[in-house]
2 protein chains.
Amino acid sequence: MAARHEEIAEELRRAIDRGEYPVGGTLPTESDLAARYEVSRGTVRQAVAALTSEGRIGSRQGARRVVLGNRRSQSFAELRSFAQWARAMGRTATGRVIEQYRRPATAEDVERLLIPPGSDVLQVLRVRGLDGEPVLVERNAYPIWVAEAVERLPADCESVVQALYDDIGIIFAYGEHTIDAVAAGTQDAELLGIRRGGPLLRIRRTTTTHAGRPIEWSDDRYRQGSVSFAVANSIGSNPLARHVG
Amino acid sequence: MAARHEEIAEELRRAIDRGEYPVGGTLPTESDLAARYEVSRGTVRQAVAALTSEGRIGSRQGARRVVLGNRRSQSFAELRSFAQWARAMGRTATGRVIEQYRRPATAEDVERLLIPPGSDVLQVLRVRGLDGEPVLVERNAYPIWVAEAVERLPADCESVVQALYDDIGIIFAYGEHTIDAVAAGTQDAELLGIRRGGPLLRIRRTTTTHAGRPIEWSDDRYRQGSVSFAVANSIGSNPLARHVG
DNA sequence: GTCACCAGCTTGTCCAAACAAGTCTCGCCT
DNA sequence: AGGCGAGACTTGTTTGGACAAGCTGGTGAC
């Protein structure tokens, strides 16, 4: 929180949360805010742009900015790491490795991990839970250059992301998520303790380093009712895309 | 496409698409791009910020920008309107109203539509399809001030969004989406022609005007395998949030 | 009363400059 | 060969100014 525009954004978030700028009302003008915080208008614009992209305020040329809601979005750290997310929510994350083995890369692995055809990947199957109750089946594939570090991890490792950073300095910097629904297979049903064919929320995710090099891809299946995902969008910005199939 | 920074963003998108800046490679520096397009560095920064928020390129202080992929995100118009989305994909959207009636607002309606307790809402149940095949069950609730215009629509109206704009000038400006998975109920199963209890992808959405006034909220249930949703995120920006329950 | 229009306000766009902060490469030293 | 550091390079932050574009409310004509 060094940058002034981030400080201002955080102050505005708090002001919205405590009702100083009520939902449905308007924010002060950029000039007002600039004077109040003793910064230039450009810095204020950076701050309000952050709130806009979070969906907290609306923005339209010529009109005062409107407060849309006081939803608080998650940090990237909380989204990519199940353990960190659970901790932020005050829950206890559990988890254990069910299977872990190397196998030849499939066509999907080659495409998602940008690895040469014929190379191996490390396949890991984990079950994760909240407060002891199983919530999520996670199937990860790691390219060979990561595999060794993953294999060194204990079976009940809480935060894989944190461990890989501490061990070999890998930073999970970018993620792409595809969300759909699937029926529980035999293995899913068994591990989550539900009926076969029941609804699961599936997130397929590819994570890359700062340089865009894929670190892992994953197929996460959440038990019905356990979690939901939220996205805000507007005419100006739309992070969400809908695809056929 | 009036603003110069938008033009530059679009040119960069096209350059990435045609492989001029390959995935995994780097973009020219801001100064280079500023010189090439004969604009200031600030304008270039606006352009690359757009690509960054789309997840196409990565950005890190001190290092050159990295090309992450050539995914193309959807416009807001395509996301909020099923008909417009289908058209953009070259598919034919079908749809019909199954039920439509006014009813007293529930607690959920009051909270989501910011209406006074005790007022009425218009409930509409639609089935929508792609190329004749049913794909989606849509349950909408509209506040009273919108209800009259909705009731004037024909039962097979293609684009409700477009019709409401033409009729009473309502603009769907902001949306908030919550995504999870549910089991198909009896009615869902019947309307979509699937087995009861099968997996459905559910999107609950609230849409508001520019002023933040809710226009509708909707519970959309997509048949398994028919559509998926995609989101890109990074350490710098994370539009996606995960919630319990 | 109603409508059109205008003036003032507010946000959007763009520029030029300077410095801060982080990255990367290359050469030197051990 | 390997590690370390200096310096060049690149992106991030901030300022101040100017004009464009769009909204809003009020005034005046009808």
Side-chain angles (χ1 to χ4, degrees), chain A residues 1-12 21 24-53 56-68 169-171 173-174 209-213 234-237, chain B residues 1-12 21 24-53 56-68 169-171 173-174 209-213 234-237:
Chain A
M1 187 70 63
R4 191 81 182 97
H5 68 83
E6 283 182 22
E7 288 177 11
I8 294 171
E10 188 52 35
E11 286 196 45
L12 290 174
Y21 305 125
T26 62
L27 233 52
T29 68
E30 294 177 359
S31 310
D32 281 354
L33 291 172
R36 184 172 314 179
Y37 293 113
E38 296 181 323
V39 295
S40 75
R41 208 184 129 212
T43 303
V44 169
R45 284 183 65 78
Q46 286 186 74
V48 294
L51 301 213
T52 303
S53 78
R56 289 166 160 269
I57 63 177
S59 191
R60 197 170 41 134
Q61 183 174 134
R64 291 273 280 274
R65 262 173 255 265
V66 172
V67 179
L68 294 175
I170 289 180
I171 295 179
Y174 305 108
T209 64
H210 277 303
R213 188 177 191 191
S234 71
I235 290 182
S237 87
Chain B
M1 187 70 61
R4 191 80 182 95
H5 69 83
E6 281 182 23
E7 288 177 12
I8 294 171
E10 188 52 36
E11 286 195 46
L12 290 175
Y21 305 124
T26 63
L27 232 52
T29 69
E30 294 177 359
S31 309
D32 281 354
L33 291 171
R36 184 173 314 178
Y37 293 113
E38 296 181 324
V39 295
S40 77
R41 212 185 124 210
T43 303
V44 170
R45 283 182 66 79
Q46 280 183 279
V48 294
L51 302 211
T52 303
S53 77
R56 290 167 159 267
I57 64 177
S59 190
R60 199 171 39 134
Q61 182 173 139
R64 290 273 281 274
R65 262 172 255 266
V66 172
V67 178
L68 293 176
I170 289 181
I171 294 179
Y174 305 108
T209 63
H210 278 302
R213 188 178 190 190
S234 71
I235 289 181
S237 87

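Within every chain, numbering begins at 1; the chains are lettered A, B, ... in the order of the sequence lines, protein sequences first and strands thereafter.
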(request) With the side chain counted from C-beta on, respond yes when L33(B) and I8(B) share a heavy-atom pair under 4.5 Å apart, and no when they do not. (result) no
(message) Could you tell me if the side chain of Y174(A) sits less than 4.5 Å from the side chain of T209(A), heavy atoms only?
(response) no
(message) Taking any heavy-atom pair under 4.0 Å as a contact, classify R41(B): base, sugar-phosphate, or nothing.
(response) base
(message) Within the 4.0 Å heavy-atom criterion, would you say S59(B) contacts the bases, only the backbone, or no part of the nucleic acid?
(response) sugar-phosphate
Between [N] atom [atom2] and [X] atom [atom1], what is the distance in whole Å?
X      : N       : atom1 : atom2 : answer
Q46(B) : dT11(C) : CD    : P     : 16 Å
I8(A)  : dT14(D) : CD1   : C1'   : 11 Å
E6(A)  : dT13(D) : CD    : P     : 7 Å
Y37(A) : dT15(D) : OH    : P     : 14 Å
L51(B) : dT11(D) : CG    : C1'   : 15 Å
R60(B) : dT10(D) : CZ    : C1'   : 11 Å
I57(A) : dT10(C) : CD1   : P     : 16 Å
E30(B) : dT10(D) : CD    : C1'   : 8 Å

Side chain of [X] (C-beta onward), nearest among [options]:
X      : options                   : result
Q61(B) : dT13(C), dG22(C), dG16(D) : dG22(C)
R4(A)  : dT14(D), dT11(D), dT11(C) : dT14(D)
H5(B)  : dT11(C), dC24(C), dC14(C) : dC14(C)

Ignoring backbone atoms, test whether [X] places a side-chain nitrogen or oxygen under 4.0 Å from the OP1 or OP2 oxygen of [N].
X      : N       : answer
T43(B) : dC15(C) : yes
R45(A) : dG12(C) : yes
R64(B) : dC9(D)  : no

(message) I need the T52(B) OG1 to R45(B) CZ distance, nearest 0.5 Å.
(response) 9.0 Å
(message) I'd like to know if the side chain of S59(B) pairs up with that of R65(B) as donor and acceptor (distance under 3.5 Å, no hydrogens or angles considered).
(response) yes
(request) Using the side chain to side chain contact (heavy atoms under 4.5 Å, CB included) rule, pick out the option among L51(B), I57(B), V44(B), V67(B) that qualifies with L12(B). (result) L51(B)
